[in-house]
Number of protein chains: 2
Amino acid sequence: MFLALDVGGANIKASVFKADDAFALRSAKLHYPLWIRGVDGLPKAIEQAVALLGCDLKGASGVALTMTAELSDVFRDKKEGVDKVLRKAEEALGSFKVVTNDGSLLDPDEAVDRYMDVAAANWWCVGWLASLFERDCLVVDVGSTTTTITPVVEGKVAAKGLNDVEKMALGEIVYVGALRTPISSVASIVPVNGLWCRTSSEYFANVGDVNLVLGLLREEEYDVATPDGRGKSVEECHERLSRVVCGDRNMLRPLQTRLVARFVYEKVVEKVCEGVLQVLSRLASEGRYPEVGFAAGLGDFIALDAVERAGLRGVLLRDLLGRDNSIALTSASLALYLAYKTGVDVGRWISSLR
Amino acid sequence: MFLALDVGGANIKASVFKADDAFALRSAKLHYPLWIRGVDGLPKAIEQAVALLGCDLKGASGVALTMTAELSDVFRDKKEGVDKVLRKAEEALGSFKVVTNDGSLLDPDEAVDRYMDVAAANWWCVGWLASLFERDCLVVDVGSTTTTITPVVEGKVAAKGLNDVEKMALGEIVYVGALRTPISSVASIVPVNGLWCRTSSEYFANVGDVNLVLGLLREEEYDVATPDGRGKSVEECHERLSRVVCGDRNMLRPLQTRLVARFVYEKVVEKVCEGVLQVLSRLASEGRYPEVGFAAGLGDFIALDAVERAGLRGVLLRDLLGRDNSIALTSASLALYLAYKTGVDVGRWISSLR
């Protein structure tokens, strides 16, 4: 039994891979907004995330961890973030390995020293896992908050950016997701009453509201706080969207906010597609052209639209690994990688899924 | 036999509707760039367009005309444009009717007086024709140069803009098409070598090159002049696209210009979709929501993508009327309207097509 965790700024993802009599991969996600709940609650939250998997830490042959939480502004810098997250994780997990941006597995002390190699390195195993399915491909993982695009060339992870800043510049990270993205960050204008209406930069509504109004996500999948603290019914999402143009539920019909939602959804897909095309354009300059685009994450439907518009053959990873593992792909792939490094024939299991 | 013509600035479309023993609608398109070939060649060009239909003017029970050519800068203003086009058309056609932006049919002299009612009124019959298929719908006609979006509400043409300027503001005209649109008018940056590369504003390449490179149009459908005067092979389209980033065929691989083409195609669809959403947002403010979007024109595949992204059920008019009539929808619908006004049961024919 191999356990892996991805400690993000807003969510903790946990996965377990059982490789005893039969192979089985299971994942869970816990909403834990670090900047609200604080660093001190992290050990308990990690324990909770593990508990969601219904498995006992003591039975684990190995535990591994990755993170993106070090970006949170509760930390002064990444050095402090990596250090604090790892120390808190030790309280909950005891000993574990930390994955780097080239697939090395470090002990926590070493990881603290090499903090730039482990900060936001949660994409590496995702690329490695994809390489077991296709020697040349792209993985587009649209989470609640951000999108990560990881290319695989000739069976090797071929991302060029090795940290967040490089990736943000190269299109390997697009800061847009399926839930927490504020409307004004993707659309400065929206169509209302036959005109192009400006959007407020207040956090009145988010892409989660858009996806619920369009029927692309279910209420229980909207597992983060709403912008106004109210509920997650389609009616309440509609009300939040009406406020984005400084209106309210009495000024706009649901028919109207649905069109606003359509427009914003298109802008989200467009942003992800731009990242995909930028990454592909680098590969094309080297004469490479992956034909498959794996779509993963809570917003895998967005990823699928984006890769298909970019001309790739889209494959939903949820169809191969299940929805939960696709949502928690960063921890799921890390659990598999840990098993692989321990000698488990993960490739055989992957082959059985295709 | 009813004959109709749409005299545009770049193309002349001609259609004939035979309503004798059996109903039959046929259309043809002639590339005639008015600003190059001049006004004096217009009578001959109109005759040529009619000849393409293989029918004789003398046998016609009625002839009707519409135009957008008055926008051409060979004319000082629309008044002069309407006057000159109609006078030249008289040389070729003798007597005919001119359709207005509310579906009236005028004699040429009256049309000259009411030039603002007949200028660019070629969309009205398109809306009327669509209303015979669906009481509530939108028609999106993507031509070689421009896109016209015409809403139909409760069986009536429900466009709000009555002239080009109003339509450009309301989203009922989007100045983007399947062939002649310059790349820089839709994309100021494109993805090359992993970077966002600026585009030259020279007319080095157009959306026709994009559609050929992507296999969305065939060489013979690229029936306008190429930007560099060279041929229309995929290789030559690739070369033109490489020049848009100030490169050439030696600096960029076809793999790379194909990605540029993908990106530009997305921008084209996006612009059309924005027009559709703007028009829908006006209807939504009145509590109206058409569910069907008819896609027509040479770029009907662009129109289909746009209406589906806007949440409508897309229907290709080529599947109902044939590709040629869908391309020349403005003249085809005018021929049908003329027949209808003369007492022909056009509705019965339309019913047989559904």
Side-chain angles (χ1 to χ4, degrees), chain A residues 151 160-161 166 169-172 187 189-197 213-215 245 247 251-267 269-290 305-312, chain B residues 151 160-161 166 169-172 187 189-197 213-215 245 247 251-267 269-290 305-312:
Chain A
K160 191 175 179 190
E166 288 176 4
L170 294 168
E172 291 173 355
I189 51 169
V190 292
V192 175
N193 298 338
L195 301 172
W196 289 101
C197 188
V213 159
L214 296 178
V245 290
M251 287 182 73
L252 279 96
R253 306 167 199 257
L255 213 53
Q256 296 176 276
T257 48
R258 206 168 70 196
L259 285 172
V260 170
R262 276 272 166 217
F263 179 75
V264 174
Y265 180 80
E266 284 302 307
K267 293 293 141 190
V269 173
E270 186 188 320
K271 276 189 176 269
V272 175
C273 185
E274 283 172 5
V276 171
L277 286 170
Q278 184 177 1
V279 171
L280 287 176
S281 77
R282 173 173 66 83
L283 301 180
S285 70
E286 299 155 6
R288 310 247 167 227
Y289 200 80
D305 276 350
V307 295
E308 289 184 344
R309 290 182 191 183
L312 302 179
Chain B
K160 191 175 180 191
E166 287 176 4
L170 294 168
E172 291 173 356
I189 51 168
V190 291
V192 176
N193 298 337
L195 300 172
W196 290 101
C197 189
V213 159
L214 296 178
V245 290
M251 286 182 73
L252 279 96
R253 306 167 199 257
L255 213 52
Q256 296 176 277
T257 48
R258 207 169 68 195
L259 285 172
V260 169
R262 276 272 166 218
F263 179 75
V264 174
Y265 180 80
E266 284 303 307
K267 293 292 141 190
V269 173
E270 187 188 321
K271 276 189 175 269
V272 175
C273 186
E274 283 172 5
V276 172
L277 286 170
Q278 184 177 0
V279 172
L280 287 177
S281 77
R282 173 173 66 83
L283 301 180
S285 70
E286 298 156 6
R288 310 249 167 226
Y289 200 80
D305 276 349
V307 295
E308 290 184 344
R309 290 182 191 182
L312 302 179

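Here is how names work: the chains are called A, B, and so on, in the same order as the sequence lines, proteins then strands, and each is numbered from 1.
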Practice prompt. With a 4.5 Å cut-off on heavy-atom pairs, point out which of Val260(A), Leu283(A), Leu277(A) contacts chain B the most.
Written response: Leu277(A)

Response to the item:
The reported gap from OG in Ser281(A) to CG in Leu195(B) (rounded to nearest 0.5 angstrom) is 7.0 Å

Worksheet entry | Under 4.5 Å from any heavy atom of chain A - which part of Arg253(B) | side chain

Fill in: Distance (rounded to the nearest 0.5 Å) between Arg309(B) CZ and Arg309(A) CZ
3.5 Å

Practice prompt. Give the member of Arg258(B), Gln278(B), Glu266(B) that has the highest number of heavy-atom pairs under 4.5 Å with chain A.
Written response: Gln278(B)

Practice prompt. Heavy-atom distances under 4.5 Å only: say whether Val192(B) touches chain A with side chain, backbone, both or neither.
Written response: backbone

Worksheet item: Contact part of Lys160(A) toward chain B, heavy-atom cut-off under 4.5 Å: side chain, backbone, both or neither?
Response: neither

Discussion item. Quick check: do Glu274(B) and Phe263(A) have side-chain heavy atoms less than 4.5 Å from each other?
Written reply: yes

Worksheet item: If you measure from CG on Leu259(B) to CZ on Arg282(A), what distance do you get to the nearest 0.5 Å?
Response: 12.5 Å

Discussion item. Among Leu252(B), Val269(B), Leu280(B), Asp305(B), which residue has the highest count of heavy-atom pairs closer than 4.5 Å to chain A?
Written reply: Leu280(B)

